Amino acid sequence: MSRILNVAIAQMGPIAREESRQAVVARLLAMMREAVAMRADLVVYPEAALTAFFPHWVVNDEAELDSYFETEMPGPATRPLFEEAARHGIGFHLGYAELDTSHGRKQRFNTAILVGKDGRIVGKYRKIHLPGYATPRPEEKFQNLEKRYFEVGDLGFPVWEAMGGRMGMMICNDRRWPEAYRVMGLQGVELIVLGYNTPAAVPSMPETDHLQNFHNRLVMQAGAYQNGTFVAGVAKAGIEEGVDQIGQSCVIAPSGEIVVQCSGLGDEVQVARCDLDLCGSYKQHIFNFAAHRRPEHYGLIVERTGVGPVLGTKP
Ligand code: CDV
């Protein structure tokens with residue numbers, strides 16, 4: 001038996017700070033049409049795919065900050081994506097900055113949605129692992145101000161039945177945390193989709209600059225294998241507002257092998273033929289959690305009480 005899902009990864013090159021939403025959506029639409037021509041069922045776009053990645057610089061003006069956020073989804077600028085998806089019967093995953101005022105105050109999240117082939121939103125995820133810091137560091141070549149601009153996501157790591165499989169989402173830095181995969185793995189996830197904006201150099205850890213591409217593949221390949229799931233990771237790549245970002249967008253099989261990978265640092269579409277039934281071999285044998293996983297013997301306080309030792313320092 002096989003359940004084939006053709007998954008397109010739509011890597012983006014840089015977005016200029018002044019680039020309009022309409023211009024960005026035109027780029028996304030062009031890649032969606034390419035994915036349709038390649039017979040894709042789903043197209044996966046990057047994290048914060050509608051604007052330049054503004055956490056890389058200080059924004060003090062509230063109106064300017066608001067301008068990077070979406071207050072509705074779809075909104076006037078993004079509706080064409082939903083309409084085109086429904087017209088062609090293709091699903092999509094889109095990362096964007098979300099401004100939510102439904103609780104009587106401004107809440108900002110780094111958000112992603114999964115949209116079904118009928119153009120309706122299947123699920124929403126808000127990024128939980130926010131890297132960086134809240135106070136600007138003028139001494140660093142560029143900023144990493146996600147903790148300043150976003151709240152920690154409040155929707156957990158759920159999975160959704162969609163497009164014939166069990167789907168989950170994470171965003172960028174989440175992919176470095178094994179718990180993000182495992183929480184979804186425990187729910188039987190078969191495809192995790194995610195976008196990222198990952199600098200090729202980390203100002204606070206220059207000794208790891210040469211490892212950025214290696215770590216990108218390492219975490220996604222391990223997460224896929226250890227949870228018996230496909231992973232589709234999609235970059236915003238190239239030099240954006242002076243920040244050099246890695247590419248390497250790829251689809252990874254439950255074996256941990258890379259099925260397809262983008263080769264450049266610009267807008268680029270690749271499609272992987274994913275047989276979701278391959279997940280079953282891993283879930284029923286080597287990573288059969290019910291048969292082999294033994295959290296009650298791990299000796300971690302966190303497994304029994306929800307409270308565990310915390311290592312590291314608060315930023
Ligand atoms: N957007 C991100 O979450 N980027 C982080 C960088 C800053 C380390 C990442 O994990 O790729």
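Atoms within a ligand are numbered from 1 in the order they appear, just like the ligands themselves. These numbers come from a predicted model, not from an experiment.
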Are Tyr96 and Tyr45, when compared by the centres of their aromatic rings, separated by less than 6.0 Å?
no
For Gly132, state whether at least one heavy atom is located under 4.0 Å from any atom of ligand 1.
no
Provide, to 0.1 Å, the distance between atom 7 (C) of ligand 1 and the closest protein heavy atom, together with that atom's residue and name.
Asn144 ND2, 3.3 Å
Within the supplied structure, the quantity of interest is the number of heavy atoms (other residues, nucleotides, ligands) at a distance under 6.0 Å from Trp177 CH2; does it exceed 12?
no
Anything under 30° is parallel, anything over 60° is perpendicular, the rest tilted; go ahead and classify Phe157 against His129.
parallel
Protein heavy atom at shortest distance from atom 6 (C) of ligand 1:
Pro199 CD, 4.1 Å
Heteroatom distance test (Glu47, ligand 1): nitrogen or oxygen, under 3.5 angstrom:
yes
Charged N to carboxylate O under 4.0 angstrom, Asp100 versus Arg126?
yes
Ligand 1 atoms nearer than 4.0 angstrom to some heavy atom of Asn197 are 1 (N), 2 (C), 4 (N)
Which of the numbered atoms in ligand 1 are under 4.0 angstrom from any heavy atom belonging to Arg176?
9 (C), 10 (O), 11 (O)
If the cut-off is 4.0 Å to any non-hydrogen atom of Arg175, which atoms of ligand 1 fall inside it?
9 (C), 10 (O), 11 (O)
What protein heavy atom lies closest to atom 2 (C) of ligand 1? Include the residue and the distance to one decimal.
Cys172 SG, 2.7 Å
Sub-4.0 Å atoms of ligand 1 with respect to non-hydrogen atoms of Thr198:
9 (C), 11 (O)
Give the atom numbers and elements of ligand 1 that come within less than 4.0 Å of a heavy atom of Glu146.
1 (N), 2 (C), 3 (O)
If you define the side chain from C-beta out and look only at heavy atoms, does anything of His292 sit under 4.5 Å from Arg294?
no
So, Arg33 and Glu84, do they make that salt bridge, N to O below 4.0 Å?
yes
Residue-level breakdown please: for Tyr196 versus ligand 1, do any non-hydrogen atoms fall below 4.0 Å on the side chain, on the backbone, on both, or on neither?
neither
Suppose I only count heavy atoms of Lys127 and a 4.0 Å limit; which atoms of ligand 1 are within that range?
1 (N), 2 (C), 3 (O)
Which donor-acceptor pairs under 3.5 Å do the side chains of residues 216-226 make with protein atoms, sequence neighbours left out?
unit_1, atom_1, unit_2, atom_2, d
Asn216, OD1, Arg175, NE, 2.9
Asn216, OD1, Arg175, NH2, 2.8
Asn216, ND2, Tyr196, OH, 3.2
Asn216, ND2, Gln248, OE1, 3.1
Gln221, NE2, Gly256, O, 2.6

Indicate yes or no: does Glu98 engage Arg108 in a salt bridge with an N to O separation below 4.0 Å.
no
